[in-house]
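Both ligands and their constituent atoms are indexed starting at 1 by order of listing.
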Amino acid sequence: MNPFLKYINGTLCLAGKPLHPVAARFGTPVYIYSKEVINEKLLELRENFPDGTIFHYAVKANTNPQILKFIRSKKIGADVVSLGELKRVLKCGFKPNSIVFSGVGKSEEEIRFAIKKNILLNIECLSEALRVQKLATSLKKAARVSLRINPDVDADTHPYITTGFRENKFGMAQEELIEVSQKLSQSSCVIVEGLSFHIGSQRLSDRPYVDAFSKLSEVVNALKASHTHFKHINMGGGFGIPYQMSEKPILLSEIARAAKEFTRKWGLELHCEPGRYLLAQSGVLVTLIEYIKKTQAKNFAIVNTGMHHLARPALYGAFHNILPLKQGRGSIIRYEIVGPICESADAIGKGRDLHELNEGEFLAVCDVGAYGFVMASNYNLQPLPKEILV
Ligand SMILES: Cc1ncc(COP(=O)(O)O)c(C=O)c1O
């Protein structure tokens, strides 16, 4: 599963670094991230995608300022979805021309701020295009935009994280997109720089990307025929990671091949917005076992983290591998790993077969570098976990 997590001399290590001393020093619950893993994942992306591909890290996956600064230092741009994210990436040193502002519900305040800072806006519908046009005119400043198409492909992922199917709220159907481009072409205040799509998150198959690229030729043809000039195609993110043994890693090379063919054919720059792929395997959430509770039906390991710190299991039924920091011995017992929150949904892992656990031991919840801490809350007025970058 996660190739960066291994036991060395009986101690769980992330990219070769033992986790136990970090948890013991800083206390739990604690998100521990590895720079080395982020760097490795970045190299994997760069090796697979053609030279000249422009990456914008999808900041929603993890907004930790140290991580943002590290990613920026690797000459990666940012994809943001709110004014909060936009202000944070600017503060972390991202250059305005390396930032894309996506999202279906941008407010007037958000659009005004983005236009003033010369940020590329990803337009998601006709009303938004008209709002951008109106605000750019009143500010007497050109707005840079790209148009987001909904390619209507089945991303074959959890329904909460599919975005490129016609029933989703994201992007425009071809007819609407052509109408928007025609309206904007009459305005000197809006410059269309690109076309974008994003088909969903946690994709493990290359098929939806290949399908999306083959569908896009039609819309590019129509735009070219109506003399809309644009220079890039942004394929979004969505590359998944294997959270479970049964899952196979995504074949980035196949996606890159389809993207390369497409960009060559139409003479376009390729942009890409990975989030989860870059960050997920770089992080673990280390937690302490407070109690072992045996009932007639189950064995519970009650830990000091839960759905308030890692929402994915309760929200999507997501699976995260759970490993003890000290390699287990003894008999195998089936556990429910649950948190302190007053909800039965508060389970981090259900039915996990682990060597016998003891109170006071540490467990690592794996692959939580993306969509982990960013979704954490103070529910039940619990404090937030710490974050440490090693
Ligand atoms: C427009 C856009 N780009 C990129 C991403 C990043 O997706 P992922 O973290 O799956 O790579 C998302 C996630 O929903 C998105 O909506």
Numbered atoms and elements of ligand 1 in range of [X], under 4.0 angstrom, heavy atoms:
X      : result
Arg148 : 1 (C)
Gly238 : 7 (O), 8 (P), 10 (O), 11 (O)
Asp79  : 2 (C), 3 (N), 4 (C)
Gly237 : 4 (C), 11 (O)
Gly275 : 8 (P), 9 (O), 11 (O)
Arg276 : 8 (P), 9 (O), 11 (O)

Inset, instruction - Look at the aromatic rings of Tyr209 and Phe239 and report parallel, tilted or perpendicular, splitting at 30° and 60°. - result: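 Judged by the thresholds at 30° and 60°, the geometry between Tyr209 and Phe239 is tilted.
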Legend entry - Aromatic ring pairing Phe213/Phe197, orientation class (parallel under 30°, perpendicular over 60°, tilted between):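 Rings of Phe213 and Phe197: perpendicular, over 60°.
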Legend entry - Atom pair CG/CD1 of Leu310 and Ile348 - distance to nearest 0.5 Å: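 If we round to the nearest 0.5 Å, Leu310:CG and Ile348:CD1 are 4.5 Å apart.
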Inset, instruction - Name the option, out of Phe239, Tyr371, Phe197, that contains the heavy atom nearest to atom 9 (O) of ligand 1. - result: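 Of the listed residues, Tyr371 has the closest heavy atom.
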Inset, instruction - Would you mind finding which of Met235, Lys60, Glu273, His56 brings a heavy atom closest to atom 12 (C) of ligand 1? - result: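 The nearest heavy atom belongs to Lys60.
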For ligand 1, note which part of [X] has a heavy atom under 4.0 Å away: side chain, backbone, both or neither.
X      : value
Asn122 : neither
His198 : side chain
Ala58  : side chain

Inset, instruction - Ignoring angles and geometry beyond distance, decide whether Ser201 reaches within less than 3.5 Å of ligand 1 through its nitrogen or oxygen atoms. - result: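 Yes; the residue has a nitrogen or oxygen that sits under 3.5 Å from a nitrogen or oxygen of the ligand.
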Inset, instruction - Write out all pairs satisfying side chain to side chain donor-acceptor pair (under 3.5 Å) with one or both partners inside residues 376-385, taking only residues at least two apart or from two chains. - result: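 Side chain to side chain donor-acceptor pair (under 3.5 Å) check on residues 376-385 returns Glu343-Tyr379.
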Inset, instruction - Check each of Asn304, Thr305, Thr287 against Thr28 using the side-chain hydrogen bond (donor to acceptor under 3.5 Å, both in side chains) test, and report the only one that passes. - result: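 In the set Asn304, Thr305, Thr287, the residue that makes a side-chain hydrogen bond (donor to acceptor under 3.5 Å, both in side chains) with Thr28 is Asn304.
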Legend entry - Check: Ser253/Asn48 side-chain N/O donor and acceptor closer than 3.5 Å: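 The criterion, which ignores hydrogens and geometry beyond distance, is not satisfied for Asn48 and Ser253.
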Legend entry - Distance-only polar pair, side chains of Asn234 and Ser196, donor-acceptor under 3.5 Å: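 Result is no, nothing qualifies.
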Considering only distance and modelled atom types, tabulate donor-acceptor pairs under 3.5 Å from the side chains of residues 362-369, sequence neighbours left out.
unit_1 : atom_1 : unit_2 : atom_2 : d
Asp367 : OD1    : Asn2   : ND2    : 2.8

